[in-house]
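Structure, as structure tokens:
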Amino acid sequence: MKPMDSGPPWWPQALGQPATSGGQNDTRYAFFPEARRLAVQRDGKVTLYDTGEHRISGVQQQQGGTASLAFSSQQGTVRLEDLKQVD
């Protein structure tokens, strides 16, 4: 049986391969520890965030009026809103 082809990466290729990635509903994420970047794709748009000293290991997605993302790191939980957006 041939493995399923997931197509080209949705994140900027200059970041390389993520240490961890995942997705739920219309949101995907990929973490690049060497670059200290988190790529998040929502509704087809990719946004990059500076993770600083955080080493992302998992995601928590809260449903409700406004879906929000929080990530597990070695320093505890970090909310997406608390990370600096970069170009």
Run His54 and Leu83 through side-chain contact (heavy atoms from CB on, under 4.5 Å) and show every step you take.
CA-CA 10 Å; His54 294 284; Leu83 298 176; 4.3 Å; yes
Exercise. After noting the C-alpha distance and the side-chain angles of Tyr29 and Phe71, does the key distance pass the ring-ring contact (aromatic ring centres under 6.0 Å, His included) rule?
Worked result: CA-CA 10 Å; Tyr29 75 94; Phe71 297 89; 5.4 Å; yes
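Of the inter-residue distances, the one linking Phe31 atom CZ with Ser73 atom OG reads 8.5 Å to the nearest 0.5 angstrom. Rounding to the nearest 0.5 Å gives a distance of 12.5 Å between CZ of Arg37 and CD1 of Ile56. The distance from the OH atom of Tyr49 to the CG atom of Leu69 is 8.0 Å, given to the nearest 0.5 Å. Atoms CD and CH2, on Gln41 and Trp10 in that order, are 5.5 Å from each other to the nearest 0.5 Å. Taking OG1 of Thr51 as the start and CG of Leu80 as the end, the distance is 11.5 Å to the nearest 0.5 Å.
Using a 4.5 Å heavy-atom cutoff, the side chains of Val46 and Pro12 are in contact.
Heavy-atom neighbours of Glu81 CD from other residues, nucleotides or ligands within 6.0 Å: above the threshold of 12.
Residue Ser57 comes nearest to Thr20 through the heavy atom pair O-OG1, 4.4 Å, listed as atom of the first residue, atom of the second, then distance. Nearest heavy atom pair, residue Arg36 against residue Gly52, reads CD-O, 3.3 Å.
Checking side-chain atoms of Gln74 against main-chain N and O of Arg55 turns up a donor-acceptor pair under 3.5 Å. With hydrogens and angles disregarded, a donor-acceptor distance shorter than 3.5 Å links the side chain of Trp11 to the backbone of Gly16.
The side chain to side chain contact (heavy atoms under 4.5 Å, CB included) with Leu48 is formed by just one residue from the set Leu38, Leu15, Val40; it is Leu15.
Using a 4.0 Å cut-off between charged nitrogen and carboxylate oxygen, Asp26 and Arg42 do not count as a salt-bridge pair.
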